[in-house]
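Written below as structure tokens is the structure these notes are about.
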Amino acid sequence: MSSRHPQLHFILLLLTYYRPTYNAAKGSNGITVQCLPDQALSLLQLKHSFHNPDLSSWQHGTDCCHWEGVGCDRASGQVITLDLSYRSLQSTGGLSSALFNLTSLRSLSLSGNDFNHASLPSFGFERLTELLSLELSETGLSGQIPIGIAHLEKLLTLDISYNDYLYLREPQFQTLVANLTNLRDLYLNEVDISSSGPTWSVAIADSVPLLQNLDFNSLSTLKLRENRFHGMLPENIGEGCMLQTIDLNNNLIEGKIPRSLSNCQGLELFDVGNNQIIGSFPSWLGVLPRLRVLVLRFNQLNGTIRDFKGDHTINNYFANLQILDLASNNFSGNLPEGWFNELKAMMENVSDGGEVLGHETYSGARFYQDTVTITFKGFDLSFTKILSTFNAIDFSNNSFDGPVPESIGRLVALRGLNMSYNNFMGQIPFQYRNLSQLEAMDLSWNQITGEIPQELTSLTSLEWLNLSYNNLYGRIPQGNQFSTFSDSSFEGNAGLCGVPLSKHCDNQSSISPTGVAPPESEGLWQDKLGIILFFAFVGLGFGVGFALSFLLRLYCRVEGWICKQAWIHM
């Protein structure tokens, strides 16, 4: 990579499913070797550095190779694996230096324990030269990441993520990874490594020329959430790539989404939310057959979303998409009806079960679930475990207009729908009665009119509803879930009445906010016209009859007078 291109180059974040195994062996004389005394002593010193550790099997005088979380090379008696992850261990004195006496360690995991913001030791890690996997995530450790880690040249997995008080200043990032040429899995989520600036990738290429020979064929996962990286995504990020996950949420990434990502046929999750990305909607990502999560929220994207059917040569756009989040951008225009007909995975009415989206690490000790933050039931929620049956759409806080798409009613597996803070018009489609799995729907702050369809009371899974601040009118439907919603679900609609609002409905037909009677069905008008004609004809009959009676009586009077005069003159 040339120094003229100071773009983000995540070439070192390599994750493969290489999982070496360590087979127990016997010595040359066929006798199994027990744990060496000095190894057991170091482990006991480590145990005593914790407060009341739940490590009952760690007893003096017993074979440490049979202790919880400990694995040995039976040929030498050396401890080669130590997995104490998520055991609720607590320490105020930091990481014990006794740990660094276990120089044969190949796998070390202390993730998910509490070191109470103690600093990582400045020295010691350089002694663990056999390490293939080092996992220290979610430990509450703080301070500068020690330079000793840079000497672990055999390292395949390095996980120091979710430690808010860890940082890289001196050495900087490029110094840390300069010798880690075997690295396949690097997790730095929420670790402050921003001091490297926008040209950190250039410095890596200059200091480690061999990296220029690597390409994205080796990449499987890029996870750099909340690291304050700035710069642009490299244009060639998708060339021949094997990426399954790209998670760059909450950074300062600029520019457009590279079109080369359309070559990543195995990509399942693409999350670049909360950045400064510009351009139009990347519809070309729809060709990715395995893409399940697309998060573009809180960027500067704009323009319209066009109907894919304009190109009849391409089928199954976004066919496996489960989560689509375009919230808080500058998108505008109508949402084409045919666009939603492509979301096949959201049309599959499946049970509540399902697998979790995620990827195993090298050691098998942890199972990393993909993390996605979306607005659900009115709150920004981070999902660390995403079931394969969870489906959600968020188009909120944009400038979409036109009618609310009826075709969304075909997405029967949808759990969350948020289209608030737009300019949608027209009525709420009654077809939404088919969304039997829907748990949350937010259509607030639009220009939607008409009555709330009575059919929506069939949505018995609906737990959260917000229709506030529209132009809705008429009686609020009653029954099932609608009896659980508060007045905040309907406020800001002057024409609505009935429970839970304090405004009562009269016995007459609903009146719209403009004072004009709401539109009525053709059948009802036909019935009213028939009644009007009936009374017209009845009235006409009475009129004709009255006229004939009057004329007859007048005739009789005249005829009687004539007859009377004739009798007088006779």
Query raised in the report: With distance as the sole test, does D325 use its side chain to make a donor-acceptor pair with the main-chain N or O of L296 at under 3.5 Å?
Result: no

Query - Separation of I393 CD1 from L326 CG (nearest 0.5 Å) - result: 9.0 Å

Query raised in the report: Side-chain contact, heavy-atom cut-off 4.5 Å: R306 with S283?
Result: yes

Report task. For D394 and L324, run side chain to side chain contact (heavy atoms under 4.5 Å, CB included): C-alpha distance rounded to whole Å, both residues' side-chain angles, the deciding distance at 0.1 Å, then the answer. Result -> CA-CA 6 Å; D394 191 345; L324 175 60; over 6 Å; no

Query raised in the report: Do side-chain atoms of D401 reach the backbone of F424 as a donor and acceptor pair under 3.5 angstrom?
Result: no

Report task. Considering non-hydrogen atoms only, spot the tightest contact between N446 and M419 and give its length. Result -> ND2-O, 3.1 Å

Requested in this report: Indicate yes or no: at least one non-hydrogen side-chain atom of S332 is less than 4.5 angstrom from one of N398.
Outcome: no

Requested in this report: Find the distance between CG (L414) and CE (M441) and round it off to the nearest 0.5 Å.
Outcome: 10.0 Å

Query - CG on D164 to CD on E138, rounded to 0.5 Å - result: 10.0 Å

Query raised in the report: What is the minimum heavy-atom distance between I476 and Q478, and which atoms define it?
Result: O-NE2, 3.0 Å

**Report entry** Pair S137-S111, side-chain donor/acceptor within less than 3.5 Å
**Finding:** yes

Report task. Report yes if the side chains of F318 and L285 come closer than 4.5 Å at any heavy-atom pair, otherwise no. Result -> yes

Query raised in the report: Judged by modelled atom types alone, do N341 and R410 share a side-chain donor-acceptor pair under 3.5 Å?
Result: yes

Query raised in the report: Taking S461 for the side chain and Q437 for the main chain, is one N or O donor matched with an acceptor at less than 3.5 Å?
Result: no

Query raised in the report: Considering only heavy atoms from C-beta outward, does the side chain of I408 approach that of L417 to under 4.5 Å?
Result: yes

Query raised in the report: So, the side chain of S396 versus the backbone of Y421: is there a donor-acceptor pair under 3.5 Å, distance only?
Result: no

Query raised in the report: For the atom pair CG (L459) and CZ (F482), what is the distance rounded to the nearest 0.5 Å?
Result: 7.0 Å

Report task. For atom NZ of K344, decide whether the heavy atoms of other residues, nucleotides or ligands shown that lie under 6.0 angstrom number more than 12. Result -> yes

Requested in this report: Under the side chain to side chain donor-acceptor pair (under 3.5 Å) rule, what do N163 and T139 come out as? Steps first, then yes or no, please.
Outcome: CA-CA 7 Å; N163 291 297; T139 53; 3.1 Å; yes

Query raised in the report: Looking at residues at least two apart in the chain, or sitting in another chain, which of them share a side-chain hydrogen bond (donor to acceptor under 3.5 Å, both in side chains) with N397?
Result: S328

**Report entry** Side-chain donor/acceptor of Q265 to backbone N/O of S262, under 3.5 Å
**Finding:** yes

Query raised in the report: Donor-acceptor pair, S260 side chain versus E235 backbone, under 3.5 Å?
Result: yes

**Report entry** ring-ring contact (aromatic ring centres under 6.0 Å, His included) involving F430 - partner list, sequence neighbours excluded
**Finding:** none

Query - Short side-chain to backbone donor-acceptor contact, K503 and A494, under 3.5 Å - result: yes

Report task. Check the pair L443, I448 against side chain to side chain contact (heavy atoms under 4.5 Å, CB included), reporting the backbone distance first and the verdict last. Result -> CA-CA 8 Å; L443 301 179; I448 302 173; 3.9 Å; yes

Query raised in the report: Any side-chain donor-acceptor pair under 3.5 Å between D442 and S444?
Result: yes

Query - Distance flag, aromatic centroids of F331 and F395, threshold under 6.0 Å - result: no

Requested in this report: Identify which one of L141, L136, L89 satisfies the side-chain contact (heavy atoms from CB on, under 4.5 Å) criterion when paired with L110.
Outcome: L136

Query raised in the report: Do N466 and F485 touch side chain to side chain, with heavy atoms closer than 4.5 Å?
Result: no

Query raised in the report: Going by distance alone, is a donor N or O of one side chain under 3.5 Å from an acceptor N or O of the other, for E337 and S407?
Result: yes

Query raised in the report: Does one side chain, of D271 or N249, offer a donor that lies under 3.5 Å from an acceptor on the other?
Result: yes

Query raised in the report: Is it the case that E268 and Q244 place a side-chain donor and acceptor less than 3.5 Å from each other?
Result: no

Report task. Can you see which heavy atom on G266 is nearest to which on R290, and at what distance? Result -> CA-CD, 4.2 Å

Query raised in the report: Would you say the side-chain atoms of E406 and Y432 include a donor-acceptor pair closer than 3.5 Å?
Result: no

Requested in this report: Let me see the working for L288 and F270 under side chain to side chain contact (heavy atoms under 4.5 Å, CB included), right down to the final yes or no.
Outcome: CA-CA 11 Å; L288 299 175; F270 184 60; over 6 Å; no

Query raised in the report: At what distance, to the nearest 0.5 angstrom, does CG of L301 lie from OG of S280?
Result: 8.0 Å

Report task. Determine yes or no for a side-chain-to-main-chain donor-acceptor pair under 3.5 angstrom, with N334 supplying the side chain and F400 the backbone. Result -> no

Report task. Classify the side-chain pair W445/Y469 by whether it contains a donor and acceptor separated by less than 3.5 Å. Result -> no

**Report entry** N275 versus N299, closest heavy-atom pair with distance
**Finding:** C-OD1, 3.0 Å

**Report entry** Donor-acceptor pair, side chain of N480 and main chain of T460, under 3.5 angstrom
**Finding:** no

Requested in this report: Please name the pair of heavy atoms, one in L472 and one in T449, separated by the smallest distance, quoted to 0.1 Å.
Outcome: CD2-O, 3.6 Å

Query raised in the report: Does some side-chain heavy atom of L233 sit less than 4.5 Å from a side-chain heavy atom of I253?
Result: yes

Query raised in the report: Got V404 and I428 here, is their nearest side-chain heavy-atom distance under 4.5 Å?
Result: no

Requested in this report: Might you point out which heavy atoms bring L467 and F490 nearest each other, and give the distance in Å?
Outcome: CD1-CE2, 4.2 Å

**Report entry** side chain to side chain contact (heavy atoms under 4.5 Å, CB included) between L252 and E254, intermediate numbers included
**Finding:** CA-CA 6 Å; L252 298 172; E254 305 168 339; 5.9 Å; no

Query raised in the report: Considering only heavy atoms from C-beta outward, does the side chain of H504 approach that of C497 to under 4.5 Å?
Result: no

Report summary line: Output for pair (L435 CG, R415 CZ), nearest 0.5 Å, gives 12.0 Å

